[in-house]
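Below is one structure, written out as structure tokens; the observations come after it.
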Amino acid sequence: MTAILKVAGVSKAFGGVQANRNVSLEVEAGRIVGLIGPNGSGKTTLFSSIVGYHPIDEGSIRFEGQEISRLRVVDIARLGLIRTFQQTRIYGGMTCVENMLISSSQRDARLLDLFQARSPEREERAGDLLDFVGLYPKRKLEAGSLSFGQQKLLEFAMALMNQPKMLMLDEPTAGINPTLINGLIDRLKRANEQFGITLFVIEHNMRVIMNLAEHIYCLAHGELLADGRPEEVQNDPRVLDAYLGAH
Amino acid sequence: MSDAHKKLAGRLAILAVGLAAPFLFPAYQSQMAELWLFVVFALTWDLAGGQMGYNSFGNVVFLGIGMYACVLTQVGLLYDIGIYNGARGGGSATFVFDLPHYLEGLALGLPVGALLAALAAAVLGAFVLGMRGHYFAICTLGLGVAAGEVANSWEWIGAGSGMVPPTPPQVIGDLSRFYYYFAFALAAVTFLVLGWLYRTRFGLAINAIRDDEDKAEAMGLQTTRIKVAAWVIAAVFLGVSGGILGNLKRFIDPIDTAFSGATFGVWMVLMAILGGKGTLWGPVIGAVLFEVIKEATWTYLLGWQRVALGLLIVIIVVFFPQGILGWLRERFPDRFGRRVEADLSGTAEETAR
């Protein structure tokens, strides 16, 4: 197996706050990898660094062998590396279907390609994926009128519509009705298996991440604390200390 | 009658009224010509302001550039522009434009105006469209004022004394009627092009930028290029409308006609908001209503017309922030292809709660 994403020695500080210090990790192609850590441990900062939201201070980030730490957000997205947001972001004034239609892959698209009429195949794919997350009956509703959990599902469907090679999900189950969480785990796994999308997931819900991920990295105070298979990480005394506050 | 037939019938009716109007109401020809230009103003403003969420107060820049470029081309084809503009107020030279030359100047001048306005939009857009929200609005306001000041002090184009478009040859006859048809054709073309544009993926892309630009970027949309392209498209039509307006008014004042942020610049925003921004028909409805109100207050409240207009602005912003169509869309969402309730006849196995 080859690593699709390689993060090596990444550091990032905001003023005096060292959000990430010398973080190195790898995500293998086709796998589901988790990222855990207590609040403020630098998980979202690392995600933002990877997708180009802010420049990193040190280190290297490679996606499919290509150095991306100097690329802009849009160019990284066009390589097939897409992230979702912790605070869900959808296009609130557009209907669910429209949200989906404009989310299709931009990888090889140029400006002129936007001046096409809508294609039936794309509409069908949008419908299928909305069905996949259970939002098909709401396809004509304005996305902004959906509940938070539904918006989260829509955002997930939009990410799938983009046909990324790798999808980075920032707390996909936060704010979702507990009865729907199992369904979401199932869908994440199916997205991984059926569509071959590598997943890199930040998650606070231990039950979810233990069920989902094949490999887990744990951050604490901006540094990589431990990594391994879920049960290894779960029983690692350093991880327990970090969560329960032994410091 | 099917929906497609109704639509066609409606459009043919507007076409018939538009073509016949100068003969039915000859006394109002110039106002009606202005009305169609206002439709273009509102439609093009809404492209960036309503559909893309970039509220510009500086679109008069493209109007003014188109106006000057067109008229300068018309004159420059036959005479030296410096001498032409220098001769105003009692020069001995006479400048005659016969029919073939007049039409030739116009045929070349209008596209030149469109081209230069588009160029200006591309260059300025690359800089100012990086700003968002209020910063963008204030910056464009400044652009409009700056452009007016430049024109006001540029001797070659007439500076503060303005510029007179070429005098049309006698055979053209009624100038207002002549330019009425230009304005009507431009409004129709603008409407059809924007209607098509909003049905393409480009339309969805600018809506996405309006709703969440960061998200659009994170999904791989090249937002900067898209924004500049939208402004360029708006500028093309505004540039042509400038050429028509200049010739219709028979006199170009750099600040009161060409780069008039206080009138056209604000009015185009007002018309789009009045009708309902972010809709195709909203700006059209807004422009028609606005022109009627403007002319009525001018006729019946002379001296107070600006006050009445100001009051209108306040009433719209306070009571109709979404405009007429926006308000209707909220009340009757089904008629606009939007639903407020789930459609349970779908094929979904389960519905998310």
Side-chain angles (χ1 to χ4, degrees), chain A residues 51 53 72-80 82-85 89-95 98-99 101-107 109-111 113-118 122 127 130-131 133-147 149-150 153 155 158-159 162 177 179-180 183, chain B residues 50-53 193 195-230 232-233 277-279 322 326 329-330 333-334 336-353:
Chain A
V51 298
Y53 267 86
R72 292 174 309 149
V73 173
V74 59
D75 296 321
I76 293 172
R78 288 161 70 88
L79 291 174
I82 294 286
R83 63 103 50 110
T84 66
F85 293 85
R89 293 187 120 160
I90 41 97
Y91 308 124
M94 299 160 72
T95 66
E98 288 174 335
N99 269 268
L101 290 177
I102 196 56
S103 296
S104 59
S105 176
Q106 296 294 319
R107 221 163 295 158
R110 286 170 312 165
L111 184 64
D113 295 333
L114 283 173
F115 294 94
Q116 305 163 342
R118 304 180 186 182
R122 205 179 272 126
L130 281 174
D131 199 24
V133 298
L135 284 175
Y136 188 77
K138 312 216 169 199
R139 64 195 178 282
K140 287 187 179 167
L141 300 193
E142 239 176 53
S145 71
L146 300 180
S147 73
Q150 289 168 341
L153 290 169
E155 195 186 20
M158 288 160 70
N162 204 286
N177 184 334
T179 58
L180 289 173
Chain B
Q51 301 278 354
M52 198 166 75
V193 169
W196 161 79
L197 191 67
Y198 296 155
R199 286 193 303 275
T200 65
R201 289 172 55 69
F202 187 83
L204 289 178
I206 58 177
N207 286 163
I209 288 172
R210 173 196 65 197
D211 285 353
D212 192 333
E213 189 169 340
D214 290 330
K215 174 73 178 174
E217 211 166 20
M219 296 299 279
L221 287 171
Q222 292 170 312
T223 51
T224 309
R225 284 185 203 182
I226 294 169
K227 288 186 288 183
V228 172
V232 166
I233 294 168
K277 65 180 198 171
T279 61
Q322 298 161 298
R329 185 162 65 178
E330 199 154 86
D334 273 355
F336 293 85
R338 278 158 199 266
R339 303 272 166 81
V340 284
E341 274 169 36
D343 166 14
L344 292 170
S345 62
T347 62
E349 301 133 3
E350 73 173 297
T351 308
R353 256 165 290 264

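Keep in mind that what you see is a predicted model, and the values were worked out from it rather than measured. Per chain, numbering begins at 1; letters A, B, ... match sequence-line order.
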Residues which pass ring-ring contact (aromatic ring centres under 6.0 Å, His included) with F202(B), listed by chain and number, not counting sequence neighbours
F115(A)
Just give me the residue among I102(A), V51(A), L101(A), I90(A) that pairs up with chain B most often, heavy atom to heavy atom, under 4.5 Å.
I102(A)
Tell me which of these, G127(A), A159(A), G92(A), S105(A), has more heavy-atom pairs under 4.5 Å with chain B than the rest.
G92(A)
Run the salt bridge (Lys or Arg N to Asp or Glu O under 4.0 Å) test against K277(B) and tell me which residues pass, sequence neighbours left out.
none
In this structure, CG of D212(B) is separated from CZ of R89(A) (nearest 0.5 Å) by 4.5 Å
Region of L197(B) in contact with chain A, defined by heavy-atom distances below 4.5 Å
side chain
Counting heavy-atom pairs under 4.5 Å with chain A, which one of R225(B), Q222(B), R199(B) comes out on top?
Q222(B)
For the pair E217(B) and R72(A), evaluate salt bridge (Lys or Arg N to Asp or Glu O under 4.0 Å) and give the outcome as yes or no after the intermediate values.
CA-CA 9 Å; E217(B) 211 166 20; R72(A) 292 174 309 149; 5.5 Å; no
Kindly compute the distance separating NZ (K140(A)) from CG (L130(A)), expressed to the nearest 0.5 Å.
12.5 Å
R122(A), part contacting chain B, at a heavy-atom distance under 4.5 Å
side chain
Checking heavy atoms, do the side chain of A208(B), its backbone, both or neither come under 4.5 Å from chain A?
both
